[in-house]
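What follows is a set of notes on a single structure, which appears directly below.
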Amino acid sequence: MKKSGAWLVRFALEQVGVKYTFGIPGVHTTEIYDELDKSDLIQPVLVTHEGGAAFMADAISRTSDHIGTLLIVPAAGVTHAASGIGEAFLDGIPMLIISGGIHTQSGKTYQLHEMDQHALLAPITKKTFKVETHEQIIPAIYEAFTIANQGEPGPVFVEIPVNLQLFPGEVSETPAFVPASADDPLDIDAIAQAAELLYKAKSPGLFLGWGAVDASEESINIAEFLGAAVATTLQGLSSFPASSPLHTGMGIGPAAVPAAENAFKNCDCLLAVGNRFGEIATASYGVNPPKNLIHVDINPEVFNANYPAAISIEGDARVVLAKLFKCLKSLGASKPVNARLITAIKTDKKAYLDEWMEHDSGDRVNPARFFTELRAQLDDDAIVVADDGNHTFLTAELMPIYRARGFISPTDFNCMGYCTPAVTAAKLVNPDKQVVGIIGDGAFLMTCMETLTAASLGVGGIYFVFSDGELSQISQAQEIPYNRKTCTILHDIELKGVAMATGCEFISIEDDTGCAGAIKRALSLAEQHKPVIVDVKIDYSKRSRFTKGIVKTNLGRFSMGNKARFIGRALLRRVL
Ligand SMILES: Cc1ncc(C[n+]2csc(CCOP(=O)(O)OP(=O)(O)O)c2C)c(N)n1
Ligand SMILES: [Mg+2]
């Protein structure tokens, strides 16, 4: 039979369950866009910048069962999208990237958008495909989808030359997509050994990353059985419900919240799941896991990369933890409820919150008061999205998250600009859930035009912009050593103007007394499908535990000579 390439792309994307594509059409993709216009299953979404499109696709994957998909022009669209593709790659998020490709049979070079996209994308994708015939289109998209979801997930790129899209070509079949069954063998011996170590431990603990996000139930079973404290990484914040009495918070080292720092001080057996001990997760490698480290991950490359493991178990977190729980139960009765630990966690959490609540924020908004009010008004299954900056760590430390995938943020690629498009997309694909973004004012400047996309689609996301006028996570680090803030004081902007320009509602929160009413109004407007930009005049005069912790860890690593040089310069600048 004869089919156009564009038809084949649509067929394959529908088969793998794509619901939205994000991008901006060009001459190399209009044929596919036109084809998607006919689809009952896929909605192509016009964005304002392909960088936003990539963050949107990422958020679709993180908050739904659909794979986030880009449909972009070659070269210029791909380079714009590269930031979001990189984020998805380092954070282990599945993504399909479909781009047009230059004409392969014109016999001409120096074509519009001609470049080696595969070389550019190789380091930030799991694999790239360039299809050469009509026959290859469906299999390439199926394989791309499979690879994107297999093992540690990530982005996969498929280039479809424009001439294939436009014209019909011969294909022998148009097979339905059949998902590959992934029944990888488990290392049962290692799991049994791990169970014994955990069962024997005096003070076992769980440290969960994003890789454990779909294994909450299994983690809860194990933690309750052992009476073990549970901490999460930043990306894994939603992997364990903050409502559990065993939940301590983010981190396990000196940069962790106090409940976690204290609960893990004497940890003698650590079960780390879906957490590769990266720089953010360990607060600059400031953690010190016990000798009995049991490391579970789907990607074996992470084992022993930064910290030696006593036992490494490769596999899907849900499957491994279910088996581990069975092994634990076979060893004996569950441990008695650890009342001392539970009381200590509760006391530490309250003391840390009190410390924040008592902090004098002057006539600005106290972060703890804002988050406490937001949590009180949000549904348990609301989705909270953060960008990258000081606001991220404040959210992680002060905003309890109750449901798996109820918190997302750009983590290891650490790309600012993520939040605004991600809120738009998360709300688009989760219309029945509340979706709120916590966005630094610097990050908002990067991608705030994706609020226009939300307004045009009638998507009621809420964008809480933490306005401190600075690139704070960086300016805080300049304050002491440099005694000046080069290029981190933001140019003045009237956010109300952005709201006016994009058709969003606008609310301002000037001080603590404004929080309750403003949040209530924002939620009610969002329920009426209106996106809302909320300008929060935040007070950043108190540092997060994370920031204080990494500063200490890094300074501690400096040689005496370098320490003296840095301190000397800081003192000199203060005197001069
Ligand atoms: C694309 C990109 N550029 C620069 C940085 C470096 N960076 C990390 S945090 C940060 C400050 C963010 O400022 P803002 O968005 O205002 O958030 P705040 O820290 O003030 O809460 C910067 C510049 C980055 N992570 N990503
Ligand atoms: Mg800022």
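Atoms within a ligand are numbered from 1 in the order they appear, just like the ligands themselves. Values in this document were obtained by computation on a predicted structure and should not be read as measured data.
- Taking atom 8 (C) of ligand 1 as the reference point, the nearest protein heavy-atom neighbour is Asp388 OD2, 3.3 Å.
- Residue contacts with ligand 1 include Ile474, since one of its heavy atoms falls under 4.0 Å from the ligand.
- Within the 4.0 Å heavy-atom cutoff, Tyr540 counts among the residues contacting ligand 1.
- A centroid separation of 6.0 Å or more is found between the aromatic rings of Phe55 and Phe22.
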### Task
Could you give me the CA-CA distance, side-chain angles and deciding distance for Lys537 and Asp468, then say whether salt bridge (charged side-chain N to carboxylate O under 4.0 Å, His left out) is met?
CA-CA 6 Å; Lys537 304 289 188 203; Asp468 71 313; over 6 Å; no

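- If you check the side chains of Thr233 and Asn275, you find no donor sitting under 3.5 Å from an acceptor.
- The backbone N or O of Cys419 lies less than 3.5 Å from a partner atom in the side chain of Asp387, making a donor-acceptor pair.
- Rounding to 10 degrees, one finds that the Mg ion (ligand 2) sits at the corner of an angle of 90° between Asp441 OD1 and Asp468 OD1.
- Residue contacts with ligand 1, taken as heavy atom pairs separated by less than 4.0 Å, do not involve Thr392 at all.
- Looking at Glu87, Met416, Gln476, Met446 and measuring to atom 22 (C) of ligand 1, the nearest heavy atom belongs to Met416.
- Within Glu470, O is the N, O or S atom that lies nearest to the Mg ion (ligand 2).
- The shortest distance between side-chain heavy atoms of Lys433 and Asp379 does not fall below 4.5 Å.
- Ring planes of Phe566 and Phe558: perpendicular class, angle over 60° (limits at 30 and 60°).
- Counting protein heavy atoms only, atom 17 (O) of ligand 1 is closest to His391 ND1, 3.3 Å.
- Closest protein heavy atom to atom 15 (O) of ligand 1: Ala443 N, 2.8 Å.
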